[in-house]
Amino acid sequence: MIRRPSPSFLDKSRADAPRAATELGLTDRYRYLLGRSGKRYLFSTVPVERLGEYPCAIVVLEPTIGRGGRPKKAWIGEIDRDGKRRGARLASRDLSGRMALVHLLAGDAAQRRTVLDDLDGLFEPECEG
């Protein structure tokens, strides 16, 4: 049996559900991620197969298990206006069955870059690249 890692990006110190989501029992659907700056960003959980439906969104993919059972780091990138993923190279086989967190509130490319920069490097400790 393959054990899934405890996703570091859902660790209470870095992510929490909004109060309204908690009260409605939707903590698996909405999350805040905490950037290095201390700013919180609201994300929604969606199946990775639907990412093309979220143009101009910032995306964080949950970590997967790498060789030797070690967790691989989370993937952080964006979906461009044409529905294409932008970020570190990611093979299609690495997408199957995964969930993604999408941030839809960055209004333009500059704001998305600011959020990506703030989140960059937060989910890498003790992970295989």
Answer whether the closest heavy-atom distance between the side chains of I58 and V102 falls below 4.5 Å. no

Which distance, rounded to the nearest 0.5 Å, do you find between the CZ of R112 and the CG of L105? 12.0 Å

Check whether any side-chain heavy atom of R113 sits under 4.5 Å from a side-chain heavy atom of L116, and report yes or no. yes

Spacing of CG belonging to L42 relative to CZ belonging to R40, to within rounding of 0.5 Å: 9.0 Å

Who pairs with Y54 by ring-ring contact (aromatic ring centres under 6.0 Å, His included), at least two apart in sequence or on another chain? none

Determine, step by step, whether D118 and K39 satisfy the side chain to side chain contact (heavy atoms under 4.5 Å, CB included) criterion, reporting the C-alpha distance in whole Å, the side-chain angles of both residues, the deciding distance to 0.1 Å, and the verdict. CA-CA 8 Å; D118 199 19; K39 185 172 181 178; 4.1 Å; yes

Of all the heavy-atom pairs spanning L104 and A57, show the shortest one and how long it is. CD2-CB, 3.6 Å

With sequence neighbours excluded, tell me which residues meet side-chain contact (heavy atoms from CB on, under 4.5 Å) with D80. D82, K84, R86

Set of salt bridge (Lys or Arg N to Asp or Glu O under 4.0 Å) partners for R85, sequence neighbours left out: none

Write out all pairs satisfying ring-ring contact (aromatic ring centres under 6.0 Å, His included) with one or both partners inside residues 81-101, taking only residues at least two apart or from two chains. none

Within 45 degrees of the ring normal and closer than 6.0 Å to the centroid, is that where the cationic atom of R31 sits relative to F43? no

Using salt bridge (Lys or Arg N to Asp or Glu O under 4.0 Å) as the criterion, list what pairs up with E53, not counting sequence neighbours. R50

Mark yes or no for whether W75, through its side chain, and V60, through its backbone, hold a donor-acceptor pair below 3.5 Å. no

Measuring only between side-chain heavy atoms, which start at C-beta, is T45 closer than 4.5 Å to Y30? no

Quick one: side-chain contact (heavy atoms from CB on, under 4.5 Å) partners of A100, sequence neighbours excluded? V46, L51, V59, L61

To the nearest 0.5 Å, what is the distance between CZ on R36 and CG on D120? 6.0 Å

Supply the atom-to-atom distance E78 CD to C56 SG, rounded to the nearest 0.5 angstrom. 8.0 Å

